[in-house]
Amino acid sequence: MAGTRPAMTKQGTAIEQPAPDRLDLDNFVPYRLSVLTNRMSDAIARHYSKRFGLSIPEWRVMAVLGQMPGLSAREVAERTAMDKVQVSRAVASLMRQKRIARMEDENDGRVTRLSLTRQGTAIYDEIVPLALHLEAVFLAALSPTERTTLSALMDKLARQLNGLHIAAV
């Protein structure tokens, strides 16, 4: 079979594995993590999008500002790993809906700071318990030890990505 190479199991049975220069999406970690994250985000979004008219990027902006009020749009983009254009559109929409407010930075007039309004905080306060419940349901598939391991592995991979970013610059 083209694009595969034979491999042997411990029992000596030949199995086909993708050639090293071929991309096998079913085993490609970035792809698998992306799909898993998208599925989880979609599951949570199904619960809040209809009720509050929020998109996933809008909720991510609100979630970050609910935890860290006073960030700039650039800082929100960094915290969420979202594209600046996505953040800008989400911020504009949330501003129109009066869910977030923008104020000038006290030390730098070129920078504006974002925070949730009373209306935004009320929505945030309703969504957070739901999001935490869905996370608990999702993580129920893992034992406490596996959860701890997963968290440690995610931290380790994040540090590795930071190193890759520095090396690429």
Side-chain angles (χ1 to χ4, degrees), residues 1-68 71-94 99-100 114 123-124 127-169:
M1 174 182 209
T4 62
R5 59 186 162 92
M8 300 298 275
T9 65
K10 287 181 181 177
Q11 295 79 21
T13 309
I15 58 171
E16 294 294 318
Q17 290 186 332
D21 62 339
R22 306 283 288 186
L23 184 62
D24 175 12
L25 287 179
D26 291 334
N27 290 304
F28 187 58
V29 172
Y31 175 79
R32 292 177 68 197
L33 288 173
S34 178
V35 169
L36 188 62
T37 323
N38 287 340
R39 289 178 63 202
M40 187 66 188
S41 291
D42 289 345
I44 295 170
R46 278 193 299 275
H47 292 276
Y48 65 69
S49 64
K50 198 175 220 179
R51 182 169 178 186
F52 299 108
L54 282 171
S55 67
I56 291 173
E58 289 168 345
W59 166 241
R60 286 182 183 160
V61 169
M62 288 183 68
V64 169
L65 293 176
Q67 187 176 11
M68 292 173 277
L71 295 179
S72 68
R74 181 186 56 77
E75 291 166 330
V76 169
E78 288 171 4
R79 291 281 311 165
T80 60
M82 288 169 48
D83 181 81
K84 290 176 189 175
V85 173
Q86 261 188 317
V87 171
S88 178
R89 287 181 182 149
V91 165
S93 176
L94 291 167
R99 293 175 175 178
I100 64 171
L114 304 168
I123 292 169
Y124 174 84
I127 294 175
V128 166
L130 172 65
L132 292 173
H133 170 73
L134 292 172
E135 178 195 38
V137 169
F138 176 67
L139 292 175
L142 304 177
S143 71
T145 302
E146 288 171 325
R147 289 180 207 166
T148 301
T149 301
L150 175 63
S151 183
L153 290 171
M154 288 172 44
D155 290 343
K156 189 173 188 176
L157 290 172
R159 286 190 301 276
Q160 182 70 6
L161 278 178
N162 290 340
L164 288 176
H165 176 70
I166 292 167
V169 174

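The structure presented is a predicted model; accordingly, all values stated were derived computationally and were not measured.
Annotation: the span from L114 atom CG to L71 atom CG amounts to 7.5 Å, rounded to 0.5 Å. Atom CG in L65 sits 8.5 Å away from atom CG in L94 (nearest 0.5 Å). In this structure, CD on Q86 lies 8.0 Å from OG1 on T80, to the nearest 0.5 angstrom. Atom OG of residue S151 and atom CG of residue L142 lie 11.5 Å apart, to the nearest 0.5 angstrom. L150 contributes atom CG, which lies 7.0 Å from atom CG of L139 (distance to the nearest 0.5 angstrom). Summarising the geometry, atom CZ belonging to R159 is positioned 11.5 Å from atom CG belonging to L161; distances are rounded to the nearest 0.5 Å.
Under the 3.5 Å distance criterion, with hydrogens and angles disregarded, no donor-acceptor pair is assigned to the side chains of S93 and R99.
Within the 3.5 Å criterion, the main-chain N or O of S143 finds a donor-acceptor partner in the side chain of E146. A donor-acceptor pair under 3.5 Å is absent between the side-chain atoms of Q67 and the main chain of V64, judged by distance alone. Without hydrogens or angle criteria, S34 side chain to P30 main chain gives no donor-acceptor distance under 3.5 Å.
Side-chain contact between L25 and V35 is absent, with no heavy-atom pair separated by less than 4.5 Å. For the pair P57/R60, no side-chain contact is recorded, criterion being any heavy-atom separation below 4.5 Å from C-beta on. Between I123 and W59, the closest side-chain pair of non-hydrogen atoms is not below 4.5 Å. Between T148 and P144 the shortest side-chain heavy-atom distance does not fall below 4.5 Å. Between V91 and V61 the shortest side-chain heavy-atom distance falls below 4.5 Å. Residues M40 and L36 fail the side-chain proximity criterion, which asks for heavy atoms closer than 4.5 Å.
Residue pairs meeting the salt bridge (Lys or Arg N to Asp or Glu O under 4.0 Å) criterion with at least one partner in residues 78-91, sequence neighbours excluded, are R74-E78.
Atom NE2 of H47 has more than 12 heavy atoms from other residues, nucleotides or ligands within 6.0 Å. More than 12 heavy atoms of other shown residues, nucleotides or ligands fall within 6.0 angstrom of atom CZ in R147.
Scanning for salt bridge (Lys or Arg N to Asp or Glu O under 4.0 Å) contacts around R46 gives an empty result, with sequence neighbours left out. Remark: A45 engages Y48, I56 in a side-chain contact (heavy atoms from CB on, under 4.5 Å) (not counting sequence neighbours).
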